[in-house]
Amino acid sequence: MGPTVRKRFPRNSRLLRHADFERVYKQGKRHFAAHMTVFYLEREAPQNFRVGFTVSGALGGAVVRNRMRRRLREAVRLLGRNNEIAVDVVINPKKSLLTAEFTEIQQEVKKAFELIERKYGNARGRSEIESQ
RNA sequence: CAGCUGGGCCGGAUGGCCGCUCUUAUCCGUCGAGGAUAGGGGAGGAAAGUCCGAACUCCGCAGAGCAGUGUGCCGGAUAACGUCCGGGAGGGUGGAUUCAAGUCCGCUCGACGGAAAGUGCCACAGAAAAUAUACCGCCUUGGCGGCAAUGCCGGGGUAAGGGUGAAAAGGUGCGGUAAGAGCGCACCGCCGCGGCAGUAAUGCAGCGGGCAGGGCAAACCCCACACGGAGCAAGACCAAAUAGGAAGGAAGACGCGGCUUCGGCUGCGGAACGUGCCGGCUCGGUGCGUCAAACCUUCGGGUAGGUCGCUAGAGGCGAGCAGCAAUGCGCGUCCCAGAGGAAUGGCCGUCCUGCGGGAGCAAUUCCGCAGACAAAAUUCGGCUUACAGGCCCGGCUGCUAA
C-alpha cells in the first residue's frame, strides 16, 4: 500500500456479542478521561484489536446517542488500531462528548490506545503500523 | 400591507475526500470464513408516545351462561377502528327581531343511550337541597301600649319581591286578588295521542292535559352491541462444544484350584482379542476391558451460534370516472432502507433562508452566528404529542389606495 493508507473499520474489528461486552466489563481494567471511560481486557488469539461502544439511554434520546456513537467510531477509525495485540476495548462516552471538539476526542482515544499498547503490545507492532 | 385565526403543503440544495450497510456483476480464495474492482439503493412528517384498529404467527376452542373490558344520536366510508365524511339535536357566543319570554341567521364546542328500575352523593352558603321550605318581606287578624304615626307579643294566608347558591319546583306578558299563586287566558316550554315529511336521528303542524319529573351515570348501576390469549424476543428451520438420555456393535484358547441346586459361579496364571493414550507408521510402552463399563456407531431432545420470517404492499405517482364528502372503481406507470451491541456517518467547500453588525442615496455588498423537533427495528390504517423557518387558500379587525 502507498503512503495514503485507507483507514477502515470492518466488522471483525468491532465488538459485536453481548458475552464479549460482559467479559470486558467484569474482568477488564478501566481508564478514565474527560469525555469517556475506556474498558479494556487482553484476550487470547486471534490477533486483532477489537473495539465496541456502549451508549446508555440515560445520555439522551436516540438522535443524541447515535451522534455520540458515530463520532466515537469515526475517531477510532481514523486513528487506526494495532492488530498485533489481542485486546477487547469498550468505550463509554460521557455527556460532554456531544459538544466536544472532534480533535479533542481523537486525542483522548489516542492516549487511551497508546496506554493499552504499552501494557500489552510490543514495540515492533507499533512501529509496523506507523511505517505503513 | 400589518395583526389574530382556521385548513392544507414543504421540512434546506449541491459537491469533494474518507468510511458503514444491503445488493448486482466479474474476479481471487475456499475445509470454513472472507477479500478486490465496478454499478445501484440506504430515515420521518411525525420514523416518536405505544393510546386504539387490523394483517401475520403460535397457543387455546362442543354449546350456553356469569364475570370482566370496551363502545354508545343517526346514516355512510372502510380490511377494521374509539378513525374519517355527511346529517340531526343540544351547549356557548355574536347579530337581527319581539313589550318580554322566545324565534331566526352566522360562527363555534364535544365520551351526545337511560335520572318515571333501584342505591348513593349534592361541600360551603342559605330559613329551606327533594316528602320541599316561611328568614326578611307582602297581606290579613287578635291582644296590649300610644292622642297619632306606629311599636311589642301572638294566629292565619302567601313562593310575586329580597337574600344564598352551580341549582330554589315551568318561563314571559296580561288579567285577577286582601296579598298572591296555572287561579284564568295568550304565547313559549313540557307530557300524552294519533297524522304528515324523512332510510334514520329527528322535524313540522294539529288535538288533549294546567304541568306531574332538580342535578350528577368521567358515582355504583340499567339497557344495547362488540370482544379467547399472547406477541416478530411471534414463530419456522439448521445446529457446535459440554453434560445427560435411548438403541446397537465388539473381544478369552488353555492350565491349576474352590463352591455347586451340576445350569453354572468364582480365584490365580496366561499367549490372544477389543479399545483409549504416547507415536508419522510398524514394533513397542502403558491404562482399561473381554457375563458389557470405558470405547465406537446411530438416534432423539436441546444451548451458544446461524438461516428464514424481512419487506411487492389494504404500496407510491399520474390523469380519468362515480359520489356533497370520507372514499371507491378501472387504466397507465414505478420498485422505493432492511440493520441486528443495531448501517444510513465524519470532516470540508459552494449556494439558499433567517437574524445581528458595518459600507452605500439605492440596487447591492462584506463579516459573524443560526437552520427546529426527532431517527426505522414485522408491516399497514388512525389518534395524540413535539417542531426553526417557509409556501398556498380562506375568515375577522385595522390602515392605505381605487
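The phosphate of U21(B) (OP1 or OP2) has a side-chain N or O of R14(A) nearer than 4.0 angstrom. For R50(A), no side-chain nitrogen or oxygen approaches OP1 or OP2 of G341(B) to under 4.0 Å.
What separates CD of E101(A) from C1' of G346(B) is a distance of 14 Å, to the nearest Å. A straight line from CZ of F102(A) to C1' of G345(B) spans 10 Å, rounded to a whole angstrom. Taking atom CG of residue L15(A) and atom C1' of nucleotide G340(B), one finds them 15 Å apart after rounding to whole Å. One atom, CZ of R67(A), and another, C1' of A375(B), lie 13 Å apart when rounded to the nearest Å. Rounded to a whole Å, the CZ atom of F9(A) is 13 Å from the C1' atom of A343(B). Rounded to whole Å, the distance from CD on E74(A) to P on C17(B) is 16 Å. In this structure, M68(A) places its CE atom 17 Å from P of G345(B), rounding to the nearest Å. We find that CD of Q106(A) is positioned 14 Å from C1' of G345(B), with the value rounded to whole Å.
Of the residues in residues 56-66 of chain A, those placing a heavy atom less than 4.0 Å from an atom of RNA chain B are A62(A), V63(A), N66(A), in numerical order. The stretch residues 16-34 of chain A touches RNA chain B through L16(A), H18(A), F21(A), each having a heavy atom within less than 4.0 Å of the strand.
The salt bridge (Lys or Arg N to Asp or Glu O under 4.0 Å) contacts involving residues 48-67 of chain A comprise D20(A)-R50(A), R50(A)-D88(A), where partners must be two or more places apart or lie in separate chains. Screening residues 94-104 of chain A for salt bridge (Lys or Arg N to Asp or Glu O under 4.0 Å), with sequence neighbours left out, gives no hits. For residues 30-41 of chain A, the set of pairs meeting the salt bridge (Lys or Arg N to Asp or Glu O under 4.0 Å) definition, not counting sequence neighbours, is empty.
Between A224(B) and A230(B), the distance separating the two P atoms is 27 Å to the nearest Å. Taking the P atoms as reference points, C334(B) lies 32 Å from U344(B), given to the whole Å. Taking atom C1' in both A219(B) and C109(B), one finds a spacing of 26 Å when rounded to whole Å. Taking the C1' atoms as reference points, C308(B) lies 30 Å from G345(B), given to the whole Å. When the P atom is used for both G313(B) and C22(B), the distance is 24 Å, rounded to whole Å. The gap from the C1' atom of G330(B) to that of C223(B) amounts to 46 Å, rounded to the nearest Å. Atom name C1', nucleotides A375(B) and G34(B): the rounded distance is 32 Å, in whole Å. Comparing G170(B) with C190(B), their P atoms sit 16 Å apart, to the nearest whole Å.
Base pairing analysis places C58(B) opposite G229(B); the two distances defining the Watson-Crick or G-U wobble pair are each below 3.5 Å. Remark: C31(B) base-pairs with no nucleotide in the shown strands. Criterion, Watson-Crick or G-U wobble with two distances under 3.5 Å. The partner of C380(B), taking Watson-Crick or G-U wobble pairs whose two distances both stay under 3.5 Å, is G53(B). The partner of A243(B) is absent, by the rule that a Watson-Crick or G-U pair needs both atom distances under 3.5 Å. Of the nucleotides present, G398(B) is the one that pairs with C1(B) by Watson-Crick or G-U wobble criteria, both distances under 3.5 Å. Pair check for C373(B) finds G44(B); Watson-Crick or G-U wobble, both atom distances under 3.5 Å. Shown here, G75(B) forms a base pair with C85(B); the pair counts as Watson-Crick or G-U wobble because both key distances fall under 3.5 Å. Remark: C387(B) base-pairs with no nucleotide in the shown strands. Criterion, Watson-Crick or G-U wobble with two distances under 3.5 Å.
Atom CE of residue M36(A) and atom OG of residue S96(A) lie 8.5 Å apart, to the nearest 0.5 angstrom. Taken to the nearest 0.5 Å, the CD1 atom of I91(A) stands 10.0 Å off from the OG1 atom of T37(A).
Between F49(A) and F113(A), the distance separating the two ring centers is shorter than 6.0 angstrom.
Annotation for Y40(A) and V38(A): closest pair CD2-O, 4.1 Å, computed over non-hydrogen atoms. Residues A86(A) and E42(A) come closest through the heavy atom pair O-CG, 3.6 Å. Between V89(A) and L15(A), the closest heavy-atom pair is O-CD2, 3.9 Å.
Taking the syn range as angles within 90° of 0, the glycosidic angle of C73(B) is outside it, so the base is anti. Nucleotide A240(B) carries an anti base; the chi torsion (O4'-C1'-N9-C4 or O4'-C1'-N1-C2) is more than 90° from 0. Against the 90° criterion about 0, the sugar-base torsion of G300(B) places it in the anti range. In textbook terms, a nucleotide whose glycosidic angle is within 90° of 0 is syn, and U311(B) is one such case. Annotated as anti: G309(B), whose glycosidic dihedral deviates from 0 by more than 90°.
Contact annotation: the side chain of L41(A) never approaches that of V87(A) to less than 4.5 Å [non-hydrogen atoms, C-beta and beyond].
Where R77(A) and R69(A) each meet RNA chain B at their nearest nucleotide, the meeting point lying more 5' is that of R77(A). Each of T54(A) and L78(A) was assigned the nucleotide of RNA chain B with the nearest heavy atom; the assignment lying further toward the 5' end belongs to L78(A).
For F102(A), there are no ring pair (Phe, Tyr, Trp, His ring centres under 6.0 Å) partners two or more places apart in sequence or in a different chain.
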>> I'd like to know whether F9(A) forms a side-chain contact (heavy atoms from CB on, under 4.5 Å) with R73(A), so could you lay out the CA-CA distance, the side-chain angles of the two residues, the decisive distance to 0.1 Å, and finally the verdict.
In response: CA-CA 8 Å; F9(A) 191 24; R73(A) 199 178 51 208; 3.2 Å; yes
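A donor N or O paired with an acceptor N or O is not found under 3.5 Å between the base of C20(B) and the side-chain atoms of R70(A).
With respect to R118(A) and E114(A), no salt bridge is recorded, no charged nitrogen being found less than 4.0 Å from a carboxylate O.
Nearest nucleotide to the R71(A) side chain, out of G345(B), G19(B), C347(B): C347(B).
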